[in-house]
J.: 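After the structure tokens below, expect a handful of questions from me.
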Protein chains: 2
Amino acid sequence: MDLPNNTIDRVCRIFGCLESLEERQVDFVSSKDLAQAIGTTNDTIRKDISLLGVTGYTRKGYSVVSLKKELGQTLKLDKKRKACIVGLGRLGTALLDYERFKQDGFEIVAGFDNSINKLERIKTHIDVFAISEMENIIAQKSIELGIITVPANNAQEVADELIKAGVSGILNFSPEKIVVPKEIIYLDMDFTSALRFIAARFITNKLRKSRVA
Amino acid sequence: MDLPNNTIDRVCRIFGCLESLEERQVDFVSSKDLAQAIGTTNDTIRKDISLLGVTGYTRKGYSVVSLKKELGQTLKLDKKRKACIVGLGRLGTALLDYERFKQDGFEIVAGFDNSINKLERIKTHIDVFAISEMENIIAQKSIELGIITVPANNAQEVADELIKAGVSGILNFSPEKIVVPKEIIYLDMDFTSALRFIAARFITNKLRKSRVA
DNA sequence: TTGTATCTGTGAAATAAATCACGGATATAT
DNA sequence: ATATATCCGTGATTTATTTCACAGATACAA
Ligand SMILES: NC(=O)c1ccc[n+]([C@@H]2O[C@H](COP(=O)([O-])OP(=O)(O)OC[C@H]3O[C@@H](n4cnc5c(N)ncnc54)[C@H](O)[C@@H]3O)[C@@H](O)[C@H]2O)c1
Ligand SMILES: NC(=O)c1ccc[n+]([C@@H]2O[C@H](COP(=O)([O-])OP(=O)(O)OC[C@H]3O[C@@H](n4cnc5c(N)ncnc54)[C@H](O)[C@@H]3O)[C@@H](O)[C@H]2O)c1
């Protein structure tokens with residue numbers, strides 16, 4: 001399949017909205033509501049959804065349950081995926097215990113750190129390991145996603161190890177940019193860039209649009 | 001000024017690269033290097049930079065120092081801005097003490113929580129306040145940016161209060177989408193959406209492109 | 001039952017963005 | 001000194017994405 005990049009981004013956000021609508025037992029949602037929630041127009045939402053081949057109901061909108069199901073199936077967002085966190089400092093341990101990930105289909109099944117000290121002190125119900133065990137554990141547990149929360153200086157080396165160990169996707173929380181082979185799906189969660197994006201828009205007063213993390 | 005949205009996003013990321021290049025005392029950087037770092041092509045980088053009116057040097061690239069200075073001035077990324085964090089739980093306290101923000105020009109000058117208990121127990125050098133004081137403190141300290149780290153259920157109410165108190169930009173870490181008036185610059189840092197974006201790209205094998213947070 | 005206000009679905013048109021392609025410069029090597 | 005490999009700058013071109021516009025549908029109100 002070949003979807004616009006922006007569509008993929010929006011669909012992932014839409015999926016999150018659907019999740020919360022489903023919880024609140026809302027039956028139908030209009031393109032307009034979704035548009036407002038994720039910051040775009042109803043035209044765009046309808047186009048996105050129609051690209052995915054899902055149809056709604058006149059005068060009612062989309063069935064929350066079945067839209068979620070369809071989007072989930074098409075983009076395999078319904079598939080459970082395993083992830084690990086590398087770097088168990090302040091941010092890494094917060095993420096380790098963030099239960100929401102599991103509910104959203106991403107199960108954190110391992111944490112890694114290179115400090116034995118840290119490893120001994122951490123209290124969490126997730127298994128934590130020395131960095132030297134990474135390759136084994138990732139293979140053994142079939143971990144697909146690596147989340148990087150080590151200091152900036154170590155981000156590239158950790159990325160290289162994760163890739164060597166076999167992950168397919170990387171989410172990087174360090175402020176340092178990482179270079180990966182093109183078959184690896186990689187995304188930065190750079191908080192400073194996000195704040196800068198907001199600040200820059202104070203100047204260039206354009207309409208809000210979704211921004212791919 | 002009226003820059004493409006994507007350009008703004010990329011420039012913010014480029015700015016981060018320049019920061020680290022500057023630290024490492026690198027004098028020049030090519031469009032190709034920057035492209036690789038942020039995941040795009042050299043054409044696009046050159047176009048972006050030329051839209052900002054900055055020029056480089058044949059056969060050498062761009063002067064790291066002066067490119068950073070120019071981008072900083074044009075998009076006011078060099079201006080120091082004050083921010084506050086609302087919700088001092090696991091994530092909020094980690095962000096509160098994240099020194100890098102200050103170095104990047106975003107100074108966290110206040111934290112807010114509605115639990116007196118939490119407020120008393122927190123140890124940090126940043127001033128923390130009860131939520132009831134928010135309006136006063138934000139005005140008094142001229143805080144422009146609000147960072148939301150409260151549970152999803154409370155995100156909208158906190159956003160409303162932040163806006164009422166006068167912030168111009170909001171960065172939301174809760175998974176719940178928030179609706180804001182269009183003059184407020186707003187961005188989600190939705191970790192689950194980011195993981196989904198990666199997962200979705202396992203399926204739709206497109207080239208990596210930058211994704212606006 | 002009849003109107004009317006919504007909503008979707010979708011080609012067409014308009015915008016926006018990315019690529020291409022190549023001229024002009026100039027470090028660097030020989 | 002000359003050749004060569006880079007690297008920028010930028011119109012032109014192509015591609016991608018959004019927006020428009022309007023034809024169905026149909027819930028809902030009167
Ligand atoms: N703390 C925040 O709020 C925050 C916010 C945004 C970004 N970040 C970024 O996230 C990353 C982590 O931040 P933090 O505050 O948690 O830092 P931290 O120093 O508290 O934690 C880093 C952890 O990584 C471990 N580590 C270092 N090198 C390693 C390696 N090679 N292999 C495995 N583990 C290694 C350390 O032992 C430590 O436990 C940093 O890059 C930081 O810039 C943090
Ligand atoms: N912990 C993580 O790693 C993580 C990761 C991604 C997203 N998030 C999101 O970030 C948010 C915070 O997560 P957390 O784990 O830190 O939660 P937490 O429960 O540890 O902290 C939430 C804090 O917000 C305060 N609070 C609640 N309602 C408030 C209100 N109306 N006004 C002011 N303060 C209020 C609480 O007292 C508490 O201190 C949540 O929305 C969560 O989904 C967290």
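Proteins come first, then strands; the chains are lettered A, B, ... in the order of their sequence lines, and each starts at number 1.
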J.: Could you give the CZ-to-P distance, from A/Arg10 to D/dT17, as a whole number of Å?
T.: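 Rounded to the whole Å, the gap is 9 Å.
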
J.: Out of C/dA17, D/dC8, C/dT8, which nucleotide sits closest to the side chain of A/Ser30?
T.: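 So the nucleotide nearest the side chain must be C/dT8.
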
J.: Quick check against the 3.5 Å criterion: does A/Gln156 have a side-chain atom that pairs as donor or acceptor with the backbone of A/Val179?
T.: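 A pair under 3.5 Å: yes.
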
J.: Using whole Å, what does the distance between atom C1' of nucleotide D/dT17 and atom CG of A/Leu3 come to?
T.: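 That distance rounds to 13 Å.
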
J.: Specify the separation, in whole Å, of atom OH of B/Tyr57 and atom P of D/dC8.
T.: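 Atom-to-atom, B/Tyr57 to D/dC8, this comes out as 13 Å.
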
J.: Rounded off to whole Å, could you give me the CG-to-P distance for the A/Asp9 and D/dA16 pair?
T.: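 Value for this atom pair: 18 Å.
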
J.: Does the side chain of A/Ser31 get closer than 4.0 angstrom to OP1 or OP2 of C/dT8 through an N or O atom?
T.: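 Checking A/Ser31 against C/dT8: at least one side-chain N or O falls below 4.0 Å of OP1 or OP2.
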
J.: Where the side chain of B/Asn6 is defined as all heavy atoms beyond and including C-beta, which of D/dT19, D/dT18, C/dA18 is the nearest nucleotide?
T.: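 Closest nucleotide to the B/Asn6 side chain: C/dA18.
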
J.: Under 6.0 Å between ring centres, would you say that holds for A/Tyr62 and A/Tyr57?
T.: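 Between A/Tyr62 and A/Tyr57, the centre distance exceeds or equals 6.0 Å.
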
J.: Just compare C/dG9, C/dT8, D/dA21 and give me whichever is closest to any side-chain atom of A/Thr55.
T.: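 Taking heavy atoms from C-beta onward, the closest nucleotide is C/dG9.
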
J.: What nucleic acid atoms does A/Thr41 come within less than 4.0 Å of, heavy atoms only: base, sugar-phosphate, or nothing?
T.: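 If one applies the 4.0 Å heavy-atom cut-off, A/Thr41 turns out to touch the sugar-phosphate alone, with no base involved.
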
J.: Judged by atom type as modelled, is there a donor-acceptor pair below 3.5 Å linking the side chain of A/Thr93 to the main-chain atoms of A/Leu88?
T.: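 Not confirmed, A/Thr93 side chain does not pair with A/Leu88 backbone.
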
J.: So, A/Ser31 and A/Asn42: side-chain donor and acceptor under 3.5 Å apart, yes or no?
T.: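 No - no donor-acceptor pair under 3.5 Å links their side chains.
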
J.: Nearest whole angstrom, please: distance from the P of C/dT19 to the CG of B/Asp48.
T.: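 Rounding to the nearest Å, CG of B/Asp48 and P of C/dT19 are 11 Å apart.
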
J.: Name every donor-acceptor pair, under 3.5 Å, that has one atom in a side chain of residues 164-174 of chain B and the other anywhere in the protein, sequence neighbours excluded.
T.:
residue  : atom : partner  : partner atom : Å
B/Asn172 : OD1  : B/Ser174 : N            : 2.9
B/Asn172 : OD1  : B/Ser174 : OG           : 3.2
B/Asn172 : ND2  : B/Ser174 : O            : 3.4
B/Asn172 : ND2  : B/Glu176 : O            : 2.9
B/Asn172 : ND2  : B/Tyr186 : OH           : 3.3
B/Asn172 : ND2  : B/Asp188 : OD1          : 2.9
B/Ser174 : OG   : B/Glu176 : N            : 3.2

J.: Tell me, for nucleotides 22-30 of chain D in 5' to 3' order, what letter each nucleotide earns: B for a base near a protein heavy atom under 4.0 Å, S for only sugar-phosphate near one, - for neither?
T.: --BBBB---

J.: Under the criterion side-chain contact (heavy atoms from CB on, under 4.5 Å), which of B/Thr74, B/Leu52, B/Asp48 is the partner of B/Leu3?
T.: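 Passing option: B/Leu52.
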
J.: Looking at A/Asp33, is its backbone amide N or carbonyl O close enough to the side chain of A/Ser30 to form a donor-acceptor pair, meaning the two atoms are under 3.5 Å apart?
T.: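 Yes: the side chain of A/Ser30 pairs with the backbone of A/Asp33.
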
J.: Go through C/dA17, C/dT19, D/dT19 for me and flag the one nearest to the B/Pro4 side chain.
T.: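 From the listed options, C/dA17 comes nearest.
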
J.: Please state how far atom CG in A/Leu51 lies from atom P in C/dG9, giving the value in whole angstrom units.
T.: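 Checked: the CG to P distance equals 12 Å.
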
J.: From CG of B/Asp43 over to P of D/dT15, roughly how many Å is that when rounded to an integer?
T.: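 Computing the B/Asp43:CG to D/dT15:P distance gives 15 Å.
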
J.: Distance check needed: C/dA27 P versus B/Asp27 CG, whole Å only.
T.: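 Atom CG in B/Asp27 sits about 14 Å away from atom P in C/dA27.
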
J.: Would you please confirm or rule out a distance under 4.0 Å between OP1 or OP2 of D/dT19 and any side-chain N or O of A/Thr44?
T.: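 So the side chain of A/Thr44 is within the cut-off, an N or O lying under 4.0 Å from OP1 or OP2 of D/dT19.
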
